[in-house]
Protein chains: 2
Amino acid sequence: MNKRQFKDKVYGELARITKSMANPHRMEIIELLAQGEVSVEEIAAQTNLPIANASQHLQVLKQAQLVEINRQGNFIFYRLSNDNVFKAWKALRDLGVERIVAVENVVREFRKSKFDFESVTIDELVEKIESGKITILDVRPESEYKQGHIANAVSIPIEELSKRLKELPKRTEIVAYCRGPFCVYADEAVAMLVQAGFKAKRLTEGFPDWKVQGLPIEVSMN
Amino acid sequence: MNKRQFKDKVYGELARITKSMANPHRMEIIELLAQGEVSVEEIAAQTNLPIANASQHLQVLKQAQLVEINRQGNFIFYRLSNDNVFKAWKALRDLGVERIVAVENVVREFRKSKFDFESVTIDELVEKIESGKITILDVRPESEYKQGHIANAVSIPIEELSKRLKELPKRTEIVAYCRGPFCVYADEAVAMLVQAGFKAKRLTEGFPDWKVQGLPIEVSMN
DNA sequence: CATTTATTCAATATTTTTATTGAATAGACG
DNA sequence: CGTCTATTCAATAAAAATATTGAATAAATG
């Protein structure tokens, strides 16, 4: 094998992996799987895809070894193969957030209309935890919370929040988080909480970002 | 705009950026540009592409704002827009190196045949620098060295190495590096040096990896 | 063993990406 | 101003990715 053939092999493989991520639906699926195991049915529902279509995209990710499966009874659950998959996804996301005006504008525009509240970075949250009383609120679906959440976070899925406001403290500051910077659940939660007189902000990023930094998490079994 | 439209926009943009990297030639071009500015002509030569073809790929990267241009006389030089581009590329590379058996096998197979020498990680090199005498050898083309190199590294491009061996010390250990883990120049250099009785190893990664970690670098003007 | 259910496969039409070729452009330089 | 040169553009053919549909599969359950 000569140098050129060697390079073609190497960059070909790198491109193959990159291609397997290079699709809007698959980018969304990866973010979803970064929360934990999810069944095909659920992935399709969350991403508004026909099941056959979701399955097809999952096959692409599986072929690139970005995801693994785990059969549980009648369901097949998909999960990310390892941390590096999320790290690569995150690097691409950071690149997107930083570079592409279009995304920033879209995010900002969408948020400004309904949810123009302050947000808290991971570093700031770490400080708040160390230096005072604070309530951390996980508004993702319960299955995601169970599979891993920020240590000491309380779980109230966004759909239940309006009915369960009394479980939250009026005085101490609340930081709500969900799947990541594009996840709207946290925005909706903060809007609802502020409206109801709570002191609330959202976490800029999400649970997988927290976890990948090695910060303390808890798992509620499964 | 509803939630689904918002998501479609966001993940669409992320996929657009990812797609712009998702091609073997463009993966190679990005690695090359991580060394510094390079003209279209040179990019085409280094990647064995017809010039029109290289230009086309560069347009794709430019549209995604991954690269910027800088006209110098008759030539147009391309460079990465910022550090995050290399970071994302690196994350994908790490994913590839770690995940895909194919890449590992190809790399190993190719190296074993001719270049089965020990290599040194960046952390190990840092230690060696702190704790003793060591010669760091940059075997990339001189233009790349000039645009940035590991602090105190000596430049001897691989093509000149055989004629310039006398410039190197026989006693102190030599660590040769080039563009990255897939760059063969460092392997060739180590092979040549060991053959000639020097004590030499290659750096596992390359200059951009060193730089992105914030380790000391030098620039020779331009 | 037959049925149910979640998932995958297969076939096809559509769209997008890529390579190739030759012409066009834009700036430098005499 | 005209020429030269590096780069880009444009047109086309070929290859690959994607969406859609309905059928096939494989495991669980009665």
Side-chain angles (χ1 to χ4, degrees), chain A residues 4 7-9 11-30 32-33 37-79 143, chain B residues 4 7-9 11-30 32-33 37-79 143:
Chain A
R4 182 36 51 192
K7 284 188 178 180
D8 288 347
K9 279 262 184 195
Y11 297 114
E13 284 298 327
L14 294 187
R16 203 175 66 89
I17 294 174
T18 308
K19 273 203 174 99
S20 78
M21 291 196 173
N23 172 281
H25 301 302
R26 294 200 290 273
M27 288 302 268
E28 186 174 358
I29 289 171
I30 292 170
L32 181 58
L33 297 185
E37 290 192 350
V38 190
S39 70
V40 178
E41 196 178 44
E42 185 64 20
I43 292 167
Q46 292 276 343
T47 56
N48 287 107
L49 281 174
I51 291 196
N53 211 333
S55 173
Q56 204 171 279
H57 284 298
L58 287 166
Q59 298 316 304
V60 173
L61 294 172
K62 199 168 122 194
Q63 275 217 314
Q65 291 178 265
L66 265 52
V67 302
E68 294 171 345
I69 65 176
N70 168 23
R71 181 152 210 147
Q72 297 263 34
N74 241 335
F75 293 84
I76 291 178
F77 287 81
Y78 277 81
R79 59 161 178 264
S143 67
Chain B
R4 181 37 51 192
K7 284 187 177 181
D8 288 348
K9 279 265 184 195
Y11 297 114
E13 283 302 322
L14 294 187
R16 201 175 69 88
I17 294 174
T18 308
K19 274 203 173 98
S20 78
M21 292 196 171
N23 173 281
H25 301 301
R26 295 200 290 272
M27 288 302 270
E28 187 173 359
I29 289 172
I30 292 170
L32 182 58
L33 297 185
E37 290 191 350
V38 190
S39 71
V40 178
E41 197 178 44
E42 185 63 20
I43 291 166
Q46 292 276 345
T47 56
N48 287 110
L49 282 173
I51 291 195
N53 212 332
S55 173
Q56 204 172 278
H57 284 298
L58 288 166
Q59 298 315 305
V60 173
L61 293 172
K62 198 169 123 194
Q63 275 217 313
Q65 292 178 265
L66 264 51
V67 302
E68 294 171 346
I69 65 177
N70 168 24
R71 182 153 210 145
Q72 297 264 36
N74 241 336
F75 293 84
I76 292 178
F77 288 81
Y78 277 80
R79 60 162 176 264
S143 66

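As a basis for the values below, the full set of heavy atoms in this structure was taken, side chains included, without hydrogen atoms, waters or symmetry mates. By convention in this document, chain letters (A, B, ...) are assigned in the order of the sequence lines, proteins followed by strands, and residues within each chain are numbered from 1.
If you walk DNA chain C from 5' to 3' and mark each nucleotide with an atom closer than 4.0 Å to a heavy atom of chain B, the marks span dT17(C) to dA28(C).
Counting any heavy atom pair closer than 4.0 Å across all strands shown, Phe77(A) reaches no nucleic acid atom. Residue Ala52(A) is classed as a base contact, given a heavy-atom separation below 4.0 Å to a base.
Each of Lys62(B) and Gln56(A) was matched to the nucleotide of DNA chain D holding its nearest heavy atom; the match closer to the 5' end belongs to Lys62(B). Mapped onto DNA chain D by nearest heavy atom, Val40(B) and Leu49(A) fall at different nucleotides, with Val40(B) at the one closer to the 5' end.
The side-chain contact (heavy atoms from CB on, under 4.5 Å) check on Val67(A) picks up Leu33(A), Leu61(A), Lys62(A), Tyr78(A), Leu80(A), with sequence neighbours excluded. Every side-chain contact (heavy atoms from CB on, under 4.5 Å) that His57(B) has, sequence neighbours left out, goes to Asn23(B), His25(B), Arg26(B), Ile29(B), Leu49(B), Asn53(B). Evaluation of the side-chain contact (heavy atoms from CB on, under 4.5 Å) rule for Asn48(B) yields Arg4(A) as partners, not counting sequence neighbours.
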I'd like a table of atom pairs between the protein and nucleotides 25-30 of chain D - only N or O on both sides, under 3.5 Å - with the distance next to each one.
none

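With rounding to the nearest 0.5 angstrom, the CG atom of Leu32(A) is 13.5 Å from the CE atom of Met27(A).
In this structure, Asn53(A) does not reach the dT18(D) phosphate: none of its side-chain N or O atoms is under 4.0 Å from OP1 or OP2.
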Practice item. Determine, stepwise, if the pair Lys19(A) / Arg16(A) fulfils side chain to side chain contact (heavy atoms under 4.5 Å, CB included). Key: CA-CA 5 Å; Lys19(A) 273 203 174 99; Arg16(A) 203 175 66 89; 5.7 Å; no

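Heavy atoms only, all atoms of each residue included: Ser39(B) and Phe75(B) are closest at CB-CD2, 4.0 Å. Pairing each heavy atom of Ala22(A) with each of Ala22(B), the nearest pair is CB-CB, 4.0 Å.
Looking at Gln46(B) and Val38(B), their side chains never come closer than 4.5 Å, going by heavy atoms from C-beta outward.
Per the geometry, CD1 belonging to Ile51(B) stands 10 Å off C1' belonging to dT5(D), to the nearest Å. Rounded to whole Å, the distance from NZ on Lys19(A) to P on dA16(D) is 9 Å. Atom-to-atom, CD1 of Ile29(B) to P of dT7(D) comes out at 13 Å; the value is rounded to the nearest Å.
Contacts classified as salt bridge (charged side-chain N to carboxylate O under 4.0 Å, His left out) and involving residues 70-79 of chain A (residues at least two apart or in different chains) are given here: Glu37(A)-Arg79(A), Glu68(A)-Arg79(A).
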